[in-house]
J.: 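Below: one structure in structure tokens.
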Amino acid sequence: MTTPTLPLLSLSDDEANLITALRSDLLSARFKLDLLDAYFNGEQLIRDLGISIPPQLKGLHTVIGWPRIGVEALEQRLDLEAFRWADGSDASDLEEIAEANDWFDESSLGHLDALTYGREYLTVGSADDGDAPPLMTFESPLDMTMLWDARLRVATSALRESVEDGVRMVTLYLPFETIHAAETNGGWEVLDRDQHNLGIVPVLRMANRQRTADRVGRSEITPEVMSITDAACRRLMGMEVAAEFFGAPQRYILGASESAFQDAEGNAKSAWETYIGRVLALERDEDGQIPSVGQFAAHDPTGMTKIVDLYARIMATQLGLPPHYLGYTTDNPASADAIRSSEAQLVKKAERRIRRFGATHRDAMRLALWFRDGEPPPRERRIECVWRNPATPTIAAQTDAAVKMVAAGILPADSEVALEMAGLTEDQRQRVLAERRRAQGSALLERLAGLGEGGEEEPSPEPEGDDGDDSL
């Protein structure tokens, strides 16, 4: 007779096998993700060719932060500001969930990881307090992975792994429940089971640079970026070596006797003492000839700096950045139009990321409402994400465009869209709307006070030329 197992205390065989498969997938991607992280932090090992660098300088390490600059330049243009209902209804419920999870600040971290690693994960779950809003978190791909149904484009399961106080913890996300377990003596002890009964896995993947055959995503730190970074670091290392060996010009002395390189006691001078001697007192040789003294030309680093500038231009092309972002400048300063033209590719990349990442943010908010209400919100009620304009227009240009739209009658003067076109942030737009409501309330009170003092409001005068006859 077999002893029945309690589902709250142990994992089923299918659940244990699923954890093993997901952990294997997580560990298989760890090396590549660590390599991308090293390039972002400037901690990668440079592959030296072993030709120009002497063994004594093998410990010399040069760093150039172009991968980090490229990733951060794109992420800095992805500012999520608010959620709202597309039909214009009150969005206080969306704001409550977002503010409770500090979503707008956390989103910048999620975007940065997605651009660096190629993907980021968003999880939704029940809060510890039943009355609190649902819990939404960003999870690094270093700690989380999922199994994906390519046909339905949804996750079938997901796993998050962490180590807390020396104990390995896992969270297994399934379509109908979320299981929290701890590793004990080679097995797993279930700590909690959240029976959410959604029918879908409450985990979303924010993927960067997807393709139809690759839904996992790719990093902005491409193999080309890694190769150019290594090459530039080797050039910088070569400049360091050249500065050590050839920074000071080498001198030569022809026809000098041995005593010229000895001190007063007859001891040989060191090479450094001979070199730094400001005055070289040299005697004539036995033939009466004066030794000739000269120096070789010092090392000129101009050739290497030109190579580094070439790498900067190539890197700017790969990352879609203006060259001046990477320190490459010209003698003639660029005009405003030239700067905007050079940023066009970066702005277009930011707009594409906004479209892709915005869909993930909207799905995460719908999941949060599902957890809160026990049922999904109606599909006809669309959620919109409000993003900061990724371009760099001037305030005057934005305001002028908004004023012309209002003057042409395309937008009403009190439209929120006009405020958005003028470049106001979400907080500023809300303050403007609040001030408008206060002004309207004050005007209404003044009108009522005037009616109370003057009695009934006088009828408006008839238009001129209207004698009351309706005949033509």
J.: For the residue pair Asp34 and Tyr117, confirm or rule out a side-chain donor-acceptor distance under 3.5 Å.
T.: no
J.: Are Glu183 and Val167 close enough that some pair of their side-chain heavy atoms sits under 4.5 Å apart?
T.: no
J.: Less than 4.0 angstrom from a charged side-chain N to a carboxylate O is my criterion; do Asp214 and Arg218 meet it?
T.: yes
J.: For the atom pair CG (Leu22) and OG (Ser157), what is the distance rounded to the nearest 0.5 Å?
T.: 4.5 Å
J.: Do Asp14 and Ser12 pair up side chain to side chain, a donor and an acceptor below 3.5 Å, judged on atom types alone?
T.: no
J.: Quick one: are Leu26 and Glu161 in side-chain contact, heavy atoms under 4.5 Å?
T.: yes
J.: So, taking the atom named CZ in Arg235 and the one named OG1 in Thr305, what distance separates them when rounded to the nearest 0.5 Å?
T.: 12.0 Å
J.: Supply the atom-to-atom distance Asp194 CG to His180 NE2, rounded to the nearest 0.5 angstrom.
T.: 6.0 Å
J.: So do Leu159 and Thr171 actually touch side chain to side chain, heavy atoms under 4.5 Å?
T.: no
J.: Looking at residues at least two apart in the chain, or sitting in another chain, which of them share a ring-ring contact (aromatic ring centres under 6.0 Å, His included) with Phe357?
T.: His111
J.: Other residues, nucleotides and ligands only: do more than 12 of their heavy atoms fall within 6.0 Å of CZ on Arg215?
T.: yes
J.: Using modelled atom types only, decide if a donor and an acceptor are shared between the side chain of Ser227 and the backbone of Pro223 within a distance under 3.5 Å.
T.: no
J.: Between Arg193 and Glu15, is there a salt bridge with N-O shorter than 4.0 Å?
T.: yes
J.: Quick check: does any side chain N or O of Asp192 sit under 3.5 Å from a backbone N or O of Ala181, one acting as donor and the other as acceptor?
T.: no
J.: Evaluate the side-chain contact (heavy atoms from CB on, under 4.5 Å) criterion for residues Cys385 and Glu81: first the C-alpha distance (whole Å), next the side-chain angles of each, then the deciding distance (0.1 Å), finally the verdict.
T.: CA-CA 8 Å; Cys385 296; Glu81 293 188 339; over 6 Å; no
J.: Are the side chain of Asp37 and the backbone of Leu33 linked by a donor-acceptor contact shorter than 3.5 Å?
T.: no
J.: Would Arg381 and Trp85 count as a cation-pi pair here, with the cationic atom under 6.0 angstrom from the ring centre and within 45° of the axis?
T.: yes
J.: For the side chain of Asn101 and the backbone of Trp103, is there at least one donor-acceptor N/O pair under 3.5 Å apart?
T.: no
J.: At their closest point, which heavy atom of His361 faces which heavy atom of Phe138, and how far apart are they?
T.: CE1-CZ, 3.8 Å
J.: What are the two closest heavy atoms between Val308 and Leu236, and how far apart are they?
T.: CG2-CD2, 4.3 Å
J.: Are Glu139 and Asp113 packed together at the side-chain level, in the sense that at least one heavy-atom pair is separated by less than 4.5 angstrom?
T.: no
J.: Could you tell me if Asp13 and Asn17 have a donor-acceptor pair between their side chains, going purely by distance under 3.5 Å?
T.: no
J.: Does some side-chain heavy atom of Leu122 sit less than 4.5 Å from a side-chain heavy atom of Thr137?
T.: no
J.: Hey, is the main chain of Ser162 close enough, under 3.5 Å, to the side chain of Arg168 for a donor-acceptor pair?
T.: no
J.: When rounded to the nearest 0.5 angstrom, what distance separates CD1 in Ile228 from CD1 in Ile314?
T.: 5.5 Å
J.: Take Trp387 and Glu351 through the test side-chain contact (heavy atoms from CB on, under 4.5 Å) and record every step on the way to the result.
T.: CA-CA 10 Å; Trp387 297 84; Glu351 291 174 350; over 6 Å; no
J.: Quick one about Gln318 and Glu224 (side-chain donor to acceptor, distance below 3.5 Å, no hydrogens or angles considered), yes or no?
T.: no
J.: Assess whether side-chain contact (heavy atoms from CB on, under 4.5 Å) is satisfied between Tyr173 and Arg160, documenting all intermediate values.
T.: CA-CA 8 Å; Tyr173 297 87; Arg160 181 186 183 275; 4.3 Å; yes
J.: Pair Met144, Thr123 - check side-chain contact (heavy atoms from CB on, under 4.5 Å), show working.
T.: CA-CA 10 Å; Met144 193 167 194; Thr123 65; 3.4 Å; yes
J.: Taking atom CZ of Arg366 as the centre, does the number of heavy atoms from other residues, nucleotides or ligands within less than 6.0 Å exceed 12?
T.: yes
J.: Can you list the residues that meet the ring-ring contact (aromatic ring centres under 6.0 Å, His included) rule with Trp148, with sequence neighbours excluded?
T.: none
J.: Would you check if Phe83 and Glu384 make a side-chain contact, meaning some heavy-atom pair closer than 4.5 Å?
T.: no
J.: For residues Leu36 and Ser219, report the shortest heavy-atom separation together with the two atoms involved.
T.: CD1-CB, 3.8 Å
J.: For Tyr311, which residues count as a ring-ring contact (aromatic ring centres under 6.0 Å, His included) partner, sequence neighbours excluded?
T.: none
J.: Using salt bridge (charged side-chain N to carboxylate O under 4.0 Å, His left out) as the criterion, list what pairs up with Arg30, not counting sequence neighbours.
T.: none
J.: Less than 4.5 Å apart, any side-chain heavy atom of Ile69 and any of Leu319?
T.: no
J.: So which atom in Ala316 and which in Pro323 form the shortest heavy-atom distance, rounded to 0.1 Å?
T.: CB-CA, 4.0 Å
J.: Please collect all salt bridge (charged side-chain N to carboxylate O under 4.0 Å, His left out) contacts where either partner lies in residues 148-157, sequence neighbours excluded, each pair once.
T.: none
J.: What's the spacing between Asp102 CG and Met136 CE if we round to 0.5 Å?
T.: 12.0 Å
J.: Is the Trp66-Phe40 ring centre distance short of 6.0 angstrom?
T.: no
J.: Looking only at heavy atoms, which two atoms of Ser89 and Asp87 are closest? And how far apart?
T.: OG-OD1, 2.8 Å
J.: Can you list every pair that meets ring-ring contact (aromatic ring centres under 6.0 Å, His included) and has a residue in residues 191-225, with sequence neighbours left out?
T.: His196-Phe371
J.: State whether the side chain of Ser24 and the backbone N or O of Thr20 hold a donor-acceptor pair below 3.5 Å, judged by distance alone.
T.: no
J.: What I'd like to find out is whether the side chain of Leu326 reaches to under 4.5 Å of the side chain of Leu321, using heavy atoms alone.
T.: yes
J.: To the nearest 0.5 Å, tell me how far Leu369 CG sits from Ile97 CD1.
T.: 4.5 Å
J.: Which heavy atom of Ala114 sits nearest to which heavy atom of Met206, and what is that distance?
T.: CB-O, 3.8 Å
J.: When you check the side-chain N and O atoms of Glu220 and Asn208, is any donor under 3.5 Å from an acceptor?
T.: yes
J.: Salt-bridge test for Glu343 and Arg77: reply yes if a basic N is under 4.0 Å from a carboxylate O, no otherwise.
T.: yes
J.: Among Leu367, Val154, Leu174, which residue meets the side-chain contact (heavy atoms from CB on, under 4.5 Å) test with Ile200?
T.: Leu367
